[in-house]
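This report refers to the structure that appears directly beneath it.
Order of the sequence lines fixes the chain letters, A, B, ..., with proteins taken first and strands second; residue numbering starts at 1 for each chain.
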Amino acid sequence: MAIEGIHIVQAAAFLGAGLSMGLGAIGPGVGEGLAAAKACEAIGRNPAEAGLLTRTMLVGQAVSESTGIYALVIALLLLFVV
Amino acid sequence: MTDDIQVWMKVAAFVGGGMAMGFGAIGAAIGEGYTASKANEAIARNPQLSGDLFKTMLVGQAIAETASIFALIIAMLLLFSNFSHTSPLLIATFLAAGLCMGLGAIGSGIGSGLPTAEACIGIERQPQMKNRITTIMLAGSAIAQSPAIFALVTSLILLFIDFTGKPVSPTWAAILGAGLASGLGAIGSGIGEGLVAKSGCEGIARQPAGATRTTNVMLLGMAVTETTAIYGLLIACILIFKNFPAAESIAASMALLGAGLCMGIGAIGPGIGEGFAGQSAVKWIARNEEGTATLTRSMLVGQAVAESTGIYALVISLILIFVA
């Protein structure tokens, strides 16, 4: 089994894509969960403002999602472009 | 060369057994210790109830213990494997089975301890609700065990399926990837489900009149939290049962290993995050009856958004398996 440079590079790209998306999913997952938790708490305390609170929650989650999307983009770049 | 493979098979089985029990002991010990600390707190507040509280503590700890008993079983199977059949793929199989069960027991061990701890506090607060709280505690910690059961199933499939005839080159990576996907993928859901069940026990003790709605939303929240562990199991099953053509290049192997790692690690964060969301929603539904519908909706929306990164990880894993 001859291991050539091109294969090692390809192997590293595949492994890197997996690690990028895997590790990149931890932070947004926990962060968005915390945002949802605090939003539920706030709605529980003040149900009249549910609309406003849900909107704020979604905007906050969208921002914290961005790093997950960066990880996805890098993984896709590693898979199909590099 | 045959002797060499047999030596490495034994190395893999013993290292795998060590990792299964070593990692597998982490979660249950933390969960049971947390339960004991909360039981002590409850008994200190109301020593007259020490009999009931002691019993609840022991029952809950026994459930949290199951995850590490699974790990013990797999470790024993690995230590006393039959090494007469020689195949290089068995090296990967032993390592993967050990890693899968060891890592998979962490989350459920911690998760099962959380509802029990809260049940002890709750029974101290509302002794007349003892039966209801105990039922919810049992349901909650049993469901929190399910990710560890997924890991157990994957480990057993790995140990008992026959991989002979499959090409060594990409299959070793598929086996290791399957173990990592199912094992790592169980961590987040185990902890997350424990968090949801914890606030279910707390909520019923605080507001016994709302027990039905609290239980319903608790079960719903736990089901959503379970999904990422199911993704891990799914990827593990695909990796185990799909036939991969022989490939000399190391790239094909790394794609499969990467797929397993991606799904396994990627499931941790969403699992814990969805647990946080469910925990808070259940807690406030118990306190605020009129808000039940709004809170359930917010919980589901929040969990769905937190799920998205887990779905990205699933997509990348599937691309690595089927396209790359």
Side-chain angles (χ1 to χ4, degrees), chain A residues 1-4 6-48 50-51 53-54 57-58 60-62 64-65 67-69 71-76 78-80, chain B residues 169 177 184 188 192 228 248-281 283-285 287-288 290-291 294-295 297-299 301-303 305-310 312-313 315-317 319-320 323-324:
Chain A
M1 178 161 148
I3 296 178
E4 288 167 29
I6 181 97
H7 290 154
I8 297 177
V9 171
Q10 188 73 61
F14 286 153
L15 203 57
L19 283 175
S20 157
M21 191 61 245
L23 293 170
I26 297 179
V30 176
E32 287 164 24
L34 275 175
K38 288 293 168 188
C40 286
E41 184 183 332
I43 292 172
R45 281 185 207 277
N46 189 356
L53 288 164
T54 309
M57 174 189 88
L58 284 175
Q61 285 183 320
S64 104
E65 179 82 21
T67 52
I69 295 175
L72 179 70
V73 169
I74 293 295
L76 290 173
L78 281 168
L79 282 175
F80 295 114
Chain B
S169 178
L184 288 168
T228 48
E248 285 295 295
S249 149
I250 194 170
S253 304
M254 285 306 140
L256 301 178
L257 190 61
L261 270 175
C262 175
M263 190 63 250
I265 303 175
I268 297 177
I272 299 178
E274 286 166 37
F276 282 140
Q279 179 190 22
S280 179
K283 179 176 164 190
W284 283 93
I285 282 170
R287 285 169 173 67
N288 182 346
E290 308 86 72
T294 324
L295 279 166
R297 209 166 53 228
S298 296
M299 175 189 86
V301 171
Q303 286 184 322
V305 179
E307 180 86 20
S308 58
T309 46
Y312 298 164
V315 169
I316 294 291
S317 291
I319 291 178
L320 279 167
V323 182

Exercise. Atom CD1 in A:I43, atom CD in A:E41: separation rounded to 0.5 Å?
Worked result: 11.0 Å
Exercise. Between B:I316 and A:L76, is a side chain to side chain contact (heavy atoms under 4.5 Å, CB included) present by the stated rule, with each step listed?
Worked result: CA-CA 8 Å; B:I316 294 291; A:L76 290 173; 3.8 Å; yes
Exercise. Which region of A:I6, side chain (C-beta onward) or backbone (N, CA, C, O), has a non-hydrogen atom less than 4.5 Å from a non-hydrogen atom of chain B, or is it both or neither?
Worked result: neither
Exercise. Do you know which of B:G310, B:A281, B:S280, B:S317 has the most heavy-atom pairs under 4.5 Å to chain A?
Worked result: B:S280
For this session: Could you tell me which of A:A71, A:A50, A:S20, A:A36 has the largest number of non-hydrogen atom pairs under 4.5 Å with chain B?
Result: A:A36
Seminar exercise, completed: Assert top hit (heavy-atom pairs under 4.5 Å, partner chain A, pool B:G258, B:G260, B:A277) equals B:A277
Exercise. Would a distance-only check, ignoring hydrogens and angles, find a side-chain to backbone donor-acceptor pair under 3.5 Å from B:S253 to B:S169?
Worked result: yes
For this session: With side chain to side chain contact (heavy atoms under 4.5 Å, CB included) as the test, would you mind laying out the steps for B:Y312 and A:E65 before giving the verdict?
Result: CA-CA 11 Å; B:Y312 298 164; A:E65 179 82 21; 3.0 Å; yes
Exercise. Where does B:L184 contact chain A at under 4.5 Å (heavy atoms): side chain, backbone, both or neither?
Worked result: neither
Exercise. Is there a side-chain contact between B:I272 and A:I26, using heavy atoms and a 4.5 Å cut-off?
Worked result: no
For this session: Output the option from B:L261, B:L256, B:L295, B:I268 having the highest count of non-hydrogen pairs under 4.5 Å with chain A.
Result: B:L295
For this session: Would you mind checking which part of B:A259 comes under 4.5 Å of any heavy atom in chain A, side chain (CB onward), backbone (N, CA, C, O), both or neither?
Result: neither
Exercise. Among A:K38, A:M57, A:Q61, which residue forms the greatest number of heavy-atom pairs with chain B at distances under 4.5 Å?
Worked result: A:Q61
Exercise. Non-hydrogen atoms of chain A under 4.5 Å away: do they reach the side chain of B:V323, the backbone, both or neither?
Worked result: side chain
For this session: Please state whether the side chain, the backbone, both or neither of A:L79 comes within less than 4.5 Å of a heavy atom of chain B.
Result: side chain
Problem set entry | Separation of A:M21 CE from B:I319 CD1 (nearest 0.5 Å) | 11.0 Å
Seminar exercise, completed: chain A shares the most heavy-atom pairs under 4.5 Å, among B:G291, B:G275, B:G278, B:S308, with B:S308
Problem set entry | Working for side chain to side chain contact (heavy atoms under 4.5 Å, CB included), residues B:T294 and A:T54 | CA-CA 10 Å; B:T294 324; A:T54 309; 5.8 Å; no
Problem set entry | Inter-residue atom distance B:I250.CD1 - A:Q10.CD, 0.5 Å rounding | 12.0 Å
